[in-house]
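Read through the structure below, which is laid out as structure tokens, and then see the notes.
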Amino acid sequence: MKGITTSRMKTIDENCEHLGLKGLQLMENAGAAIAHEVKERIQKGNVLIVAGRGNNGGDAFVAARHLVYDPAITVNIALIGSASGIRTQDSMHNFALLEHCRIEGFIEITDPQQLKATRWLDDADLIVDALLGTGITGKLRETEATVIDLINDSKVPVVAVDVPSGFDPEGGKFDRSVRADITLTFHRMKKGLASDHAKEYTSEVKVINIGVCEDAETYVGKGDIAAFRTRSRDSHKGQHGRMLIIGGGPYSGAPALTAMAALRTGADIVTVAAPANVADIIASFSPNIIVKALSSNILCEKDIDTVAKLIEGHDVVVMGMGLGRDERTKDTVSKIVPLCKKVVVDADGLYGIALPVPEDIEMIITPHAGEFTALGGNGKEDALEFSKKNNVTVLLKGKEDHISNGERVAINHTGNPGMTVGGTGDVLAGITGALFAIAPAMDAACGAAYINGVAGDLAFERWGHGLLATDIIDMITEVMK
Ligand SMILES: NC(=O)C1=CN([C@@H]2O[C@H](COP(=O)(O)OP(=O)(O)OC[C@H]3O[C@@H](n4cnc5c(N)ncnc54)[C@H](O)[C@@H]3O)[C@@H](O)[C@H]2O)[C@@H](O)CC1
Ligand SMILES: [K+]
């Protein structure tokens with residue numbers, strides 16, 4: 001079984017929140033499941049809960065509330081750090097409720113020796129390990145590291161919450177981790193727990209359904225753009241994407257729309273390489289676009305050296321819009337693809353690519369239904385198989401966009417019929433490229449479909465069916481806000 005990444009799980013959680021399913025509700029289900037598992041394992045005795053200050057600890061506070069209903073069970077809670085340091089509202093909420101429950105003992109631990117002194121580890125019949133979950137970052141720090149050693153040294157059976165504390169949910173190897181008898185992981189198997197070395201840290205893993213709405217996973221939502229809305233304060237120029245557009249020739253507006261959409265999405269540098277006849281026109285649309293004129297009035301073989309050099313200075317290439325379908329152009333497109341590491345192919349570019357895409361190239365294609373058929377696709381139901389077979393991430397545009405990387409399909413149902421106006425595809429390609437410059441293909445394609453659709457919906461509110469592609473670009477920043 002393949003596991004999911006922490007960022008994917010975060011996206012699902014945020015989509016739930018957006019749909020109205022609160023984190024607190026998920027936490028309640030998670031905690032109740034832990035209490036249930038504990039009661040399956042011990043009918044009476046002492047349970048020691050070792051809790052951290054994040055939501056992983058919050059799950060265990062819920063479990064404590066459920067457990068103390070049984071008079072045969074006593075619960076001691078060791079919180080690593082101080083109660084005032086509890087980092088999330090949900091966890092704080094559940095912690096506060098414990099004041100009204102029959103908790104045997106509670107201690108705030110700033111030095112591991114304090115935990116030793118309680119003798120709770122010696123007296124425990126079972127430990128609930130809720131120190132660290134998917135929120136772990138970097139190498140283990142103190143006090144947590146020593147507390148993990150104490151838990152392992154105690155030889156008391158351990159039920160781990162979501163992942164054994166200290167274990168890397170992404171599958172990397174950290175220096176130490178709780179060794180659990182069982183791990184209850186929420187909603188889906190986590191990538192790290194699915195890895196071969198997970199067995200060293202947990203004898204068993206159970207995936208617990210915590211009532212996530214299906215739509216939070218099936219449809220793209222606000223959670224799919226959350227990661228694109230924050231930036232480190234230490235950001236530097238270029239870090240948020242350098243994008244090269246290869247487009248234009250018969251058309252000059254298309255690559256300009258793509259460029260402006262990318263800039264509004266947050267790309268740092270956008271360069272357009274365009275045939276000589278349109279280069280100046282594209283530049284005249286906006287001083288924000290860097291334009292490089294190619295050798296003649298269509299993209300052709302002579303331009304490959306120039307383009308190869310430009311590709312080296314950019315994180316992602318977006319190719320196709322406005323290029324036309326001259327045979328020489330199609331042939332040149334096919335020769336440019338192998339020079340790219342990351343490439344988005346749209347519109348006329350789709351007629352120049354060879355499938356399947358070589359292993360070392362990451363490609364997103366953004367066809368509409370007709371272009372998808374021309375590529376050999378068989379309708380939206382085929383997005384997953386097509387993507388898998390051709391090593392390409394597909395963003396198949398339509399009333400609902402179907403997005404697939406060959407592993408899963410996501411559907412976007414933002415957008416409206418006003419968006420049938422020309423140029424909206426160029427905008428989508430620009431948003432896709434900007435996100436792809438800084439994120440994996442599937443995350444970029446899902447985020448782009450959502451942003452484009454919501455920007456279109458905002459434009460529709462203002463301009464109705466008369467909305468223009470440029471209006472959608474103007475709304476991108478509203479969506480990101
Ligand atoms: N809607 C949600 O987000 C849900 C989250 N759930 C739980 O929430 C967990 C994730 O919660 P959080 O994101 O709050 O994070 P965690 O509770 O996993 O831990 C975050 C905290 O751990 C500490 N920490 C991080 N790295 C450390 C290191 N290397 N050494 C020492 N201390 C370190 C920091 O104090 C940080 O605030 C999941 O594993 C799951 O148990 C569940 O409640 C289900 C719902
Ligand atoms: K844990």
Side-chain angles (χ1 to χ4, degrees), residues 3-34 37 49-63 79-95 109-110 112 127-149 151-152 158-170 172 174-193 201-202 205 207-213 216 223 226:
I4 65 168
T5 61
T6 302
S7 76
R8 174 78 188 126
M9 189 63 220
K10 262 197 190 141
T11 300
I12 296 168
D13 283 340
E14 291 215 23
N15 283 346
C16 281
E17 194 83 37
H18 190 47
L19 296 173
L21 177 62
K22 306 244 174 292
L24 206 55
Q25 292 173 272
L26 298 176
M27 188 175 273
E28 189 68 25
N29 292 336
I34 299 158
E37 182 65 35
I49 290 178
V50 183
R53 299 179 302 282
N55 280 337
N56 198 247
D59 296 340
F61 298 146
V62 173
L79 172 69
I80 310 306
S82 66
S84 61
I86 292 177
R87 286 173 193 262
T88 73
Q89 268 187 5
D90 291 352
S91 185
M92 188 55 103
H93 179 88
N94 281 304
F95 176 76
I109 306 252
T110 47
I127 295 171
V128 173
D129 158 36
L131 194 49
L132 296 161
T134 54
I136 187 169
T137 49
K139 269 182 82 118
L140 267 181
R141 296 184 290 273
E142 290 297 350
T143 312
E144 284 77 356
T146 306
V147 166
I148 286 172
D149 289 344
I151 293 173
N152 287 337
V158 173
V159 173
V161 177
D162 208 17
V163 288
S165 296
F167 183 84
D168 178 9
E170 302 295 329
F174 286 169
D175 53 350
R176 43 190 155 170
S177 157
V178 163
R179 285 166 200 268
D181 294 79
I182 186 166
T183 299
L184 302 188
T185 200
F186 304 125
H187 182 58
R188 290 217 180 275
M189 179 61 94
K190 304 296 151 25
K191 191 175 168 201
L193 292 172
Y201 299 100
T202 180
V205 181
V207 179
I208 302 293
N209 171 10
I210 52 170
V212 163
C213 302

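Just so you know, ligand 1 is whichever comes first in the structure, and atom 1 is the first atom listed for that ligand. Count residues from 1 along the sequence.
- Here Asn29 pairs with Ile210 under the side chain to side chain contact (heavy atoms under 4.5 Å, CB included) rule; sequence neighbours left out.
- Not close to ligand 1: Gly58, with no non-hydrogen atom less than 4.0 angstrom away.
- The backbone N or O of Gly166 sits nowhere less than 3.5 Å from a side-chain atom of Ser177 that would complete a donor-acceptor pair.
- A side-chain donor-acceptor contact under 3.5 Å links Thr11 to the backbone of Ser7.
- Of the N or O atoms in Gly133, one or more lie within a sub-3.5 Å distance of an N or O in ligand 1.
- Where the criterion is an N or O separation shorter than 3.5 Å, residue side chain and backbone included, Gly135 meets it with respect to ligand 1.
- Between Glu144 and Arg53 there is a salt bridge, since a side-chain N of the basic residue sits under 4.0 Å from a carboxylate O of the acidic one.
- Side-chain polar atoms of Glu170 and Thr6 form a donor-acceptor pair below 3.5 angstrom.
- Taken from CD1 in Ile148 to CG in Leu132, the straight-line distance is 5.5 Å, to the nearest 0.5 Å.
- The distance criterion of under 3.5 Å between nitrogen or oxygen atoms is met by Asp59 with respect to ligand 1.
- Less than 3.4 Å away from the K ion (ligand 2), the protein contributes these N/O/S atoms: Asn56 OD1, Asp129 O, Leu132 O, Val161 O, Val163 O, Ser165 OG.
- To the nearest 0.5 Å, atoms CZ (Phe61) and CE (Met92) are separated by 9.0 Å.
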